[in-house]
J.: 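Below is a structure I'd like to ask you about.
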Amino acid sequence: MKRPRAPFAIVAALAVGAGAGAAGAALAGHGRPAERPRDDSARLARQIDPRKPRNVVLMLGDGMGDSEITLARYYAKGAGGRLNMDRLPFTGAMSTYSLKPATGTEHLPDYVPDSASTGTAWATGRRTIDGRISQGPNAGASTPGANAGYRTVLERAQRAGKRVGDVSTAELTDATPAVLAAHVSQRSCQGPSDTRAACPSEAKAAGGLGSIAEQEIDHHVDVLLGGGRQRFSQPLEPGGPETVTDRALDSGYRYVGDAAGLSGVRGLRRPLLGLFASGHMTQEYEPLLATEAGAGGVGTRCVEGNRPAAEPSLAAMTRKALRLLGDGASGRRPGRERGFFLQVEGASIDKRAHAADVCGEIGETVAFDRAVGVALRFQRRHRDTLVVVTADHAQAVQIVPEGSSPAGVSATLATADGAPIEVSYGTAAGGGSQQHTGSEVRIAAIGPRAANVLGVGDQTELFDTLLGRR
Ligand code: MG
Ligand code: ZN
């Protein structure tokens, strides 16, 4: 991809990460463009590629609304800086609502959705109620809905002969990775024991499809990388000796448990299961929790390096997944390789925002953006690859006026410009978990049929984009 030119003359002077000093970098020239504006029509026209994509990479920031992107950009790159995700040629917006439970077939919209219903929307092309994993809506969580008609984009890619991968910094059984390779009424039914307790009629013993972990293994997903060992180590039968991990090994999976193990994997002769944490993977930056009094201050920078080295970064997992899935995937053996579908989730942008952890969510967004950089470099060498970068729903952070003493909890940090940025979280009372918000989210793309993301779209349309139908 040709890099779009820098938007402001001052960009070169804004050394990333060097702006914590108060004297730092005032925006010279009031941020005027460096050169005369140039018409981009020809460059954009060259980027419109009507071929059907061979490979598709969906990069998903959980809870990564426009406020979350803007905060991470200003903090890490400064006001005139750009993230990798800002460099894709086509950018549009996507609505994210879900459905309210109802006894009939008419469901009112729920304007503030969760990750299960939004994931179901792009994974199956159909909306559902919150908490539900690629399964139809009905009157409530305790009654399973229809699985028929909810075949996922991963299942369709497999049927078309493609390799498939599912990568996340959350537990692999968390809602976003789950929607690709599981169908269950409640997102909490992650392992066999969880399912026997919360979704008994969908457990294997009751003739159901089983827990999310079991279904992911049953799907023979070629590359599964993330957290969630505690789900895969649950017994298949109550009190029995065999776990989901045992089942994976029996069905041919190779298992790795740390970064060194992952780097040692050279090929995909066997499908790969990498579980790098008991629960969610460790966040990249140390927490800085917003408080009612206002945490941080004009000189506060986040402390990096919180993730243990044994846990691979999202960028490292993305690089490995692309190498394994993409081996021979771009025309070296035409007719023999049909390409791949890969989903990569930066999961804890949302999870740290729930905790009003401003440094946590910035660190996860920056780490996700590094993974986007890996995908964009792959796309440069494999032009038949469509890369889509988006979010499932927005979160609670707002960039507010300095010293405005906003309601709720707030924090102040120094950005890469050396300027203070104050943020507030106001969707939870009295220190509770911050809630999602209902704003539309950004969707950006590069590669074949990338121009389909332009304009304001519906989350269910992403399903067709990922299948190369539109
Ligand atoms: Mg998620
Ligand atoms: Zn959430």
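Note that these values count all heavy atoms, side chains included, but never hydrogens, waters or copies made by symmetry. Start at 1 and go down the list; that is how both ligands and their atoms are numbered.
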J.: Is V223 close to L225 at the side-chain level, that is, under 4.5 Å between some pair of heavy atoms?
T.: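 Yes; the side chains approach each other to less than 4.5 Å.
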
J.: Assess, by modelled atom type and distance only, whether the side chains of N138 and R132 contain a donor and an acceptor separated by less than 3.5 Å.
T.: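 Note: N138 and R132 side chains meet the donor-acceptor criterion.
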
J.: Pull up every protein N/O/S atom sitting under 2.8 Å from the Zn ion (ligand 2), skipping waters.
T.: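 The answer is D350 OD1, D350 OD2, H354 NE2, H436 NE2.
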
J.: Listing by chain and number, which protein N, O or S atoms are under 2.8 Å from the Mg ion (ligand 1)?
T.: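 Those protein N, O or S atoms (cut-off: under 2.8 Å from the Mg ion (ligand 1)) are D62 OD2, T176 OG1, E345 OE2.
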
J.: Under 4.5 Å between any side-chain heavy atoms of T173 and F232, yes or no?
T.: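 Yes; the side chains approach each other to less than 4.5 Å.
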
J.: Using every non-hydrogen atom in the two residues, find where R127 and Q459 come nearest and quote the distance to one decimal.
T.: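 That closest heavy-atom pairing would be NH2-N, 3.8 Å.
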
J.: Can you list every pair that meets disulfide (SG to SG under 2.5 Å) and has a residue in residues 117-227, with sequence neighbours left out?
T.: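 Applying disulfide (SG to SG under 2.5 Å) to every pair that reaches into residues 117-227, excluding sequence neighbours, yields C189-C199.
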
J.: Just so I know, are the side chains of Y97 and P113 near enough to count as touching, which here means a heavy-atom distance under 4.5 Å?
T.: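 No; the side chains remain at least 4.5 Å from each other.
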
J.: Parallel, tilted or perpendicular for H354 and H436, by the 30°/60° rule?
T.: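 Judged by the thresholds at 30° and 60°, the geometry between H354 and H436 is tilted.
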
J.: Which residue pairs pass the salt bridge (charged side-chain N to carboxylate O under 4.0 Å, His left out) test when at least one of the two sits in residues 184-196, sequence neighbours left out?
T.: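 Qualifying pairs, neighbours excluded: D114-R187, D174-R187, D194-R231.
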
J.: Would you say I217 and L224 make side-chain contact, with heavy atoms under 4.5 Å?
T.: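 A side-chain contact exists here, since the closest heavy-atom pair is under 4.5 Å.
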
